[in-house]
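Numbers restart at 1 for each chain; the letters A, B, ... are given by sequence-line order, proteins then strands.
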Amino acid sequence: MRDTERYDFLSDITAVDYLGWGEAGVSGYIGTPAGRDVNEPMTQGYQVVPPPRRARFALNYHLLAIADPPRRVRLQTWLDDGQAVRSVIPVWPTADWHEREAFDLMGIEFSDHPNLSRILLDDDWEGHPLRKDYPIGGEPVRFSGEE
Amino acid sequence: MTSTASRTTGAPIYEGTRIPSPTPTVLTTPPDLMATGDILSINFGPNHPSTHGVLRLVVDLYGEDVTGLAAVIGYLHTGFEKNMEQKTWWKAIPYAPRIDYVSFQNNEYVFVGAVEKLLDVEVPPKAVWMRTLLAELNRIHSHLVWLGTSALELGAISMFWYAFREREQILDLFELVAGYRMHTRYFQVGGLAEDIPRGFYPETRRFCDWMPKAIDDYERLLTRNQIWLERTQGLGLLSRADAIALGQSGPVLRASGVDWDIRKNEPYLAYHQVDFRVPVVQTGDVYARYLVHIAEMRESVRIVEQCLDRLERMEGEPWIADDRKVVLPPRSELHTSMESLIHHFKIVTEGFRVPEGEVYFTIESPRGELGCYICSDGGPRPWRVKFRAPSFVALEATATCMHDALIADMIAIVGSLDTVMGEVDR
């Protein structure tokens, strides 16, 4: 891509978790699969159920060709939990932190990444918060006087 | 000192690059130098007056020479993107300006613009021009904060007071228009939240008359100041190819000789109808970045004036789209119209729905390419929101810029990359 199509600028790498896409809510998400019935209160479902996705995770590479006129393209890779994708650092060095972020927050593995470690969260953090099955909400609080 | 070539352990990405290898963002001290025992590893930050927030740099020092460097971020991570997934589309808008708390209007616009692109709403011209105007005022504001703090860090304390004097005037204008000084939440999906108040145009005109003189003052203080020149020229070099490979954007990219400005090359808002130049400097050092910032402020004042010319002739025109499925109905209708009341209630409680799809929307924020990727499943809440933060990417260039630098220059170099930690960590 970089050498033949001149997409020399990697804008961004975005990971998306499609767990529960078009289904009953996960993690407090309010979507319901049956669609909504305007005469039934509390059916805040979808008007149209979105088409299913190929795999759980999508990795979007947003590329830009600095040319006149400029061209942008979005490359999508689909992968399931546990699958790894090859790092693109040798092609676009800027991918380093973008990949670390995708690993940190979404738990996507990049093979051949020289320094794949957590970037935004603590090194001893458990789980990957941007996943849809990551619990949201507060932590259980111990009340004073409680044993 | 060892030569640059021996610093890198892996194969270079291409001939002549200064990007460290194999990890592009980490400068590693060579093992033989490490073995001498003369290397002092220190933590610079995360709490240090000149780290622009909470940035931690782990620096290996050999005397005063920086031989190794790794940036550690995440101290300000607040989970904006996850939070926005839990909010309805229009309630997520206030999160966006808080991500980069110095260029809030631009952040607000990138999110609102992305949603509008997915919704396919047409924004009335008055709102488009007002957004352009505020985005440019915000650019001046952001550059002033950068100039004031960066100069302060290099010892030019008076610059800080001058820059913040003008910044105060801009914040007053924001207050006049939106009621808030920062994080105005003035952009609504479909247009503006309120009409432009009376008195905004003359006040802004007064500011536009004053600002070029203030910039002349800054230049008199710094541009040919011997101390400033010695502390900035030839430092933090970033070549054209390295800047592109590292994904740099905005003033950093233009200071490395790349003529690239999204406002010009991929126009959004009203930028194709205004006349402005894109300053480009070839040298790629800290001084070049300073020159680009100064020149951009002058251009922004010109854009603001052109926006004012247009806006003054738009008195009485609508400021928000007439799309009742997305836009809140006027307050006055709520007592008389049942339909309006229902729409108001539905939008406030349930939120409007955005058609299923994905969109990546980019604008030129004061710090560079600010992108917003949104993914909708057709429901009232975003499925995924991702910000492409220019500061995050700018910090990746620290290791490359810090080749052969001294510890004292680190402040100038890191400062010149113009990072806002809120945006880096999100």
Engaged part of [X] at the chain B interface, taking heavy atoms whose separation is under 4.5 Å:
X	answer
A/I13	backbone
A/H113	neither
A/L10	backbone

With a 4.5 angstrom heavy-atom cut-off, which part of [X] approaches chain A: side chain, backbone, both or neither?
X	value
B/E358	both
B/E81	both
B/S376	backbone
B/V72	neither
B/A70	neither

*Could you tell me whether A/D104 and A/R118 have a side-chain N and a carboxylate O separated by less than 4.0 Å?*
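Yes, this pair counts.
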*Is it true that B/D261 and B/R263 make a salt bridge, defined as a side-chain N closer than 4.0 Å to a carboxylate O?*
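Result for this pair is yes, salt bridge flagged.
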*Could you check if a side-chain atom of B/I374 sits within less than 4.5 angstrom of a side-chain atom of B/P382, using non-hydrogen atoms only?*
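SC-SC contact between B/I374 and B/P382 ruled out.
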Do you know which of [options] has the most heavy-atom pairs under 4.5 Å to chain A?
options	result
B/R388, B/R426, B/H77, B/Q248	B/R388
B/L395, B/I244, B/D259	B/I244
B/L76, B/N265, B/V424, B/T362	B/T362

*Is A/R72 close enough and on-axis enough to B/Y360, meaning under 6.0 Å and within 45°, for cation-pi?*
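That pair does not qualify as a cation-pi contact.
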_Row check, A/Y61 ring normal vs A/R74 NZ/CZ: under 6.0 Å, within 45°_ =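 No, a cation-pi geometry is absent between A/R74 and A/Y61.
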*Is the centre of the B/W260 ring less than 6.0 Å from the centre of the A/F9 ring?*
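B/W260 vs A/F9: aromatic centres not under 6.0 Å.
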*Is it true that A/H98 and B/F392 have ring centroids separated by less than 6.0 Å?*
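When the ring centroids of A/H98 and B/F392 are compared, they turn out to be within the sub-6.0 Å range.
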_Residue selection (most heavy-atom pairs with chain B, distance under 4.5 Å) from A/L121, A/I119, A/N115_ =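 Highest number of pairs under 4.5 Å: A/I119.
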*Does a side chain donor of either B/T25 or B/E396 reach within less than 3.5 Å of an acceptor in the other side chain?*
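The answer is no; no qualifying pair exists.
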